[in-house]
Amino acid sequence: MDHLRSAKLTKRYLLSLPGGIFVMSNLVDDLMRPLFSEYVVSPVSAREKQWQRGVSSGCSGRLCRIFKTAEQASAYLSKFIPEG
């Protein structure tokens with residue numbers, strides 16, 4: 001498996017993740033860029049703004065994938081981009 005886990009992006013879930021882990025939404029734009037993708041910030045008290053970015057991107061309650069690094073997320077996403 002390329003990612004650590006998949007889950008719905010909820011505030012409770014975001015707050016439960018360890019800082020420094022990478023979250024990438026399953027929703028992408030026309031250029032296959034995730035609508036929400038960033039490292040989980042620390043401390044937990046600093047995550048309200050991060051959660052608001054997830055909500056404003058339309059990704060709250062939607063599937064997200066958890067990776068150790070942004071590079072792993074990018075490699076995973078590249079599998080779905082057609083060559084050409």
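Numbers for residues simply follow the sequence, beginning at 1.
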Checking the side chain of E38 only, and the main-chain atoms of V23 only, is there a donor and an acceptor separated by less than 3.5 Å?
no
Got a donor-acceptor contact below 3.5 angstrom from the S74 side chain to the A70 backbone?
no
Determine the sole option in V40, L4, V44 for which the side chain to side chain contact (heavy atoms under 4.5 Å, CB included) test with L17 is passed.
V40
Yes or no on side-chain contact (heavy atoms from CB on, under 4.5 Å) for M24 and F67, after CA distance, side-chain angles and deciding distance?
CA-CA 8 Å; M24 181 177 75; F67 298 87; 3.7 Å; yes
Check for me, please, whether V55 and L9 land in the same ILVMFWY cluster - side-chain distances under 4.5 Å, paths through other members count.
yes
Straight-line distance of Q52 CD to E48 CD, nearest 0.5 Å
5.0 Å
Over all heavy atoms of both residues, which pair between L63 and S6 is shortest? Give the atoms and the distance, please.
CD1-CB, 3.8 Å
Apart from L27 itself, which Ile, Leu, Val, Met, Phe, Trp or Tyr residues share its cluster (side-chain heavy atoms under 4.5 Å, direct or through members)?
L35
Shortest non-hydrogen pair, G19 vs S42, comes out as CA-OG, 3.1 Å
Of the non-hydrogen atoms in Y39 and G20, which two are nearest, and what is the gap between them?
CD2-O, 3.2 Å
Minimal non-hydrogen separation, H3 against I66, with atom names:
CB-O, 3.3 Å
Got T10 and S60 here, is their nearest side-chain heavy-atom distance under 4.5 Å?
no
Are any side-chain N or O atoms of S57 and backbone N or O atoms of G54, one a donor and one an acceptor, separated by less than 3.5 Å?
yes
So does R47 have more than 12 non-hydrogen atoms from other groups sitting under 6.0 Å from CZ?
yes
Before you tell me yes or no, could you show the steps for R62 and N26 under side-chain contact (heavy atoms from CB on, under 4.5 Å), namely the whole-Å CA-CA distance, both residues' side-chain angles and the distance that decides it to 0.1 Å?
CA-CA 7 Å; R62 304 300 295 265; N26 204 41; over 6 Å; no
Quick one: does S56's side chain get under 4.5 Å of F36's, heavy atoms only?
no
Does any non-hydrogen side-chain atom of F22 lie less than 4.5 Å from one of Q72?
no
Counterpart residues, side chain to side chain contact (heavy atoms under 4.5 Å, CB included), relative to A7 (two or more places apart)
Y13
How long is the span from the CZ atom in R53 to the SG atom in C59, to the nearest 0.5 Å?
12.5 Å
Determine whether V41 and Q50 make a side-chain contact, defined as any pair of heavy atoms from C-beta on separated by less than 4.5 Å.
yes
